[in-house]
Amino acid sequence: MPLFSRSFLSFLLLLLLPMSAAQAQIEITSDGGVVRGIPTAIVPFKIVDGGSVEHQIDQIVAADLRASGKFDIIASNNYMSFPSRTDQVRFKDWRFIDAEALVIGEIWKLGGDNYELQFHVFDVAREQEIGTGKRIPNLRERDLRTAAHIVSDHIYTAFTGKPGAFNSRIAFMKRSEIEFQRFRHRLMVADWDGYGEQEVYASWRPLLSPSWSPDGSKIAFVAFSDGGSVIKVLELRTGQHKTIASFKGINSAPAWSPDGTQLAYSTSKDGSPDVYVYDTLTGQHRRVNTHYAIDTEPAWTIDGQNLLFTSSRTRKPQIYRTDLNGGATTRVTFEGEENANASFDYDGSRMVMVHEGGQIVVMDVESGELTWLTRSKFDESPSFSPNGDMVLYATEYGFEPALVVSSSDGRVRTRLEFISGDVREPAWSTLK
Amino acid sequence: MKRNYGLLLTVIFALTLTACAGKKKEAPEPVQETAPVVTQTNNDPYGVGMSADQLRALGIAGNPLDYTTVYFEYNSSAIDRRSEVIATAHANELRRRGGAKVKLEGHADERGTRDYNLALGERRSQAVANLMSSVGAGNSSLQVVSFGEERPVDRAHNEAAWQKNRRVEILY
C-alpha cells in the first residue's frame, strides 16, 4: 500500500533536491559552550550495480545523528577518500579531518525491487572497526529510508550505549482550510523526522492532545462533539475509534499509564477540572484529586504510582505531583511564574515542560535545575524521544507553524522540514 | 418570581422618572408644551440599571443586548462591569422569552498550554452562566462550552489580538 502516488513522490523529490541546502535549517545553538558532539564522517553509500536510489542513506543517517546532539557531522566535501569497503579505509585520511567516527557502506541492487544494505562503523582514533559489518537484506526501494534509520540507531548505540530513537514515530494535528473559513482538522502520524505523514483521523472540529499508548498501537486524543470536548482512543491498525470520556463539561489531556492499561485525563464533570483515571480493563473512572482550581495535563511517573499535573491553585499554573495510592500532593516547580504540561523522560530523571507560557525547558528532577531548549514566547507541546536525548515541540518560524526537534541539552535544533502547513500538538511515541 | 421582578423594575422605573421630573421642576424652564426627549430622561432605558451615558462609558453604545461577546483579563475568569451589564441584559432577555436556549462559548488567547486554556475557556463561560442565572435567566437554558485557544478571532501574536480572543460568546 504505497503512501504516495508516483507523481507525488517525484514532486516530493523535486522539493527535496534543494533541501540538502535546506538541511542548513539545523541550528547549532551556542548555549552548550564547549560541549560538542562526536565528529563523524559518513561517506555517501556506494550503489553497486545500479545508478541511483531515491533515498540518500548517508544524508538520512547524518540528519538523524546530528539531531541527537551527540554527533557533529563533517561535510563530505572535506573527505580525502570515499571508501565503501573495509579494505579501502585509510585512517590517516580521517584523522586529517579530525573525524573520530567513520561510517561507510554499500547498497546492493539485486534485481527487481530487491536491495541489500551493508555498512561498517569505525573508531578512527583506535584505528579499528566497532563490532563487525552489518547487513540489512530483503529491502524494497521504499524501505531504504527505514534501513537508514536502522543504521543510525546502530551507530548511536555503538557510541552512546543507549538505544536510538530513529525508528520511532510522531503524531501531530494539522489544520487545513478546505474552503473559506471551513477547516479540516487531521490527526497525522509520521516517522520521527516527519517523513511519510499519514492521516489517521479527521474532524471538522478542533483536535488536540494526542498521546501514544506505550506499545504504539493506539493514540488517545481530544476531539469536539456537539456538547464540547471528548476523549477518544484510536486503534491505528484498524482505524477504529471510541469515545472513552464525554462527560458534561470539558474532557481533555489524556495520558497513558506506563503499562498501557489506564488513561489519566482531566474533566470538569463534577464542577471544576480535576484529574481522573480511566481503567481500560474495567471501564471505571476514578477521581484522583478534588480542588476548585484548574487541574489538568496529567503525566505518569515511570513506576505508574504517581501523577504530575498542571494546577492553577496558586492562581498561575504550576506543576504538582500526587500519589495515586492516596498519598500527599506536593508542588514540584518553583522557578518562574508559570510552568505547565510536564512529562518525564524514559527513566524519570528529567521532566520537560512549558515555562512562562511558551519556553521549552528540561528540569533535572533531583536537583530542580532547568535547561532552556527555547526562549521563545509561543512554543508548546513538548515530549521526549523514547531514549530521552531529543525533545519534540511546536513553534513558529516567522508566522509559519513548525515542528522542531531539539537535542535535550539544547545544543542542536532541527526543524522537521517534511512537515508543513498549520501543524501543532506534536507527540513522540514511547515505542523505541 | 418573574412577577416580582417585573414589579420591582416598574417601581424602579417609576422612581427614576419621578426623580427626573423633580429635577426638571427645579430648573427654570417655563416652556412645558414641547415634548421632552424620552431617552434623556430615562435613566434605565435597557433594564440594566444604567443610563445610556453610563453604558457608553463602558463602551456599550445603545442596547447592551446587541452585544454578544464579553472579554476577560489574562488567565482570569473574573467578570468586569461591562461583561456584567451585557450578561445581565441577555439574562433579562432570556427570562422575557421564557426558556430560550443559549450557548455560552468560552475562549482563551494563545498564551499558556492548550489543555489549560480549554479549562480556562470553560471557567469563563461558567462564570457568565453563573452570573446570568443569578440574575434570573434560569440555568437550564444555558449551555456551557469551551474551545480553549482553538478558535481565535484574531491570529496575531499581540495584546490587541489576545484581548479579542479572551472571550465568551453568547450564542442564541
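Just so it is clear: chains get the letters A, B, ... in the order the sequence lines come, proteins before strands, and each one is counted from 1.
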Separation between OG (B:Ser77) and CD1 (A:Ile294), nearest 0.5 Å, reads 7.0 Å
- Query: Between B:Glu150 and A:His185, does any side-chain donor sit less than 3.5 Å from a side-chain acceptor?
  - Reply: no
- request: Tell me yes or no: between the side chains of B:Glu122 and A:Ser268, is some donor less than 3.5 Å from an acceptor?
  value: yes
Here the gap from A:Leu208 atom CG to B:Thr113 atom OG1, rounded to the nearest 0.5 Å, amounts to 10.0 Å
Value for OH (B:Tyr116) from CG (A:Asp295), rounded to nearest 0.5 Å, stands at 10.0 Å
In a table with atom names and distances, give each donor-acceptor pair under 3.5 Å that connects a side chain of residues 158-166 of chain B to protein atoms at least two apart or in another chain.
unit_1   : atom_1 : unit_2   : atom_2 : d
B:Asn158 : OD1    : B:Ala160 : N      : 3.3
B:Asn158 : OD1    : B:Ala161 : N      : 2.9
B:Glu159 : OE2    : B:Arg166 : NH2    : 2.8
B:Trp162 : NE1    : B:Glu110 : OE2    : 2.9
B:Lys164 : NZ     : B:Asp154 : OD2    : 3.0
B:Asn165 : OD1    : B:Val153 : N      : 2.8
B:Asn165 : OD1    : B:Asp154 : N      : 3.0
B:Asn165 : ND2    : B:Asp154 : O      : 2.7
B:Asn165 : ND2    : B:Ala161 : O      : 3.2
B:Arg166 : NE     : B:Phe72  : O      : 2.8
B:Arg166 : NH1    : B:Asp109 : OD2    : 2.9

Closest non-hydrogen contact found for B:Gln143 with A:Asp226 is NE2-O, 3.6 Å
So, the part of A:Ala293 with a heavy atom under 4.5 Å from chain B: the answer is backbone
From the list A:Gly357, A:Gly358, A:Pro317, the residue making the most non-hydrogen contacts under 4.5 Å with chain B is A:Pro317
When the 4.5 angstrom heavy-atom criterion is applied to A:Arg205 and chain B, the contacting part is both
Worked check of side chain to side chain contact (heavy atoms under 4.5 Å, CB included) between B:Arg123 and A:Ser272:
CA-CA 8 Å; B:Arg123 285 257 146 142; A:Ser272 103; 3.1 Å; yes
From the list A:Val222, A:Ile250, A:Thr296, the residue making the most non-hydrogen contacts under 4.5 Å with chain B is A:Ile250
| Would a distance-only check, ignoring hydrogens and angles, find a side-chain to backbone donor-acceptor pair under 3.5 Å from B:Asp115 to A:Ala253? | yes
Among residues 337-345 of chain A, residues within the sub-4.5 Å heavy-atom range of chain B, in order of number, are A:Glu338, A:Ala340, A:Asn341
When the 4.5 angstrom heavy-atom criterion is applied to A:Ser252 and chain B, the contacting part is both
- Query: Is A:Tyr292 atom OH crowded by more than 12 heavy atoms from other residues, nucleotides or ligands, each under 6.0 Å away?
  - Reply: no
Whatever's closer than 4.5 Å to a heavy atom in chain B on A:Phe399 counts as side chain
Residues B:Val145 and A:Gly228: closest non-hydrogen pair is CG1-CA, 4.3 Å
Rounding to 0.5 Å, atoms NZ (A:Lys316) and CG (B:Asn75) come to a distance of 7.0 Å
Interatomic distance, OG@A:Ser381 vs CZ@B:Arg114, rounded to 0.5 Å, equals 6.5 Å
One option among B:Arg155, B:Arg151, B:Arg111 has the most heavy-atom pairs under 4.5 Å with chain A, and it is B:Arg155
Okay, A:Glu356 and chain B: the region with an atom under 4.5 Å from a heavy atom over there is neither
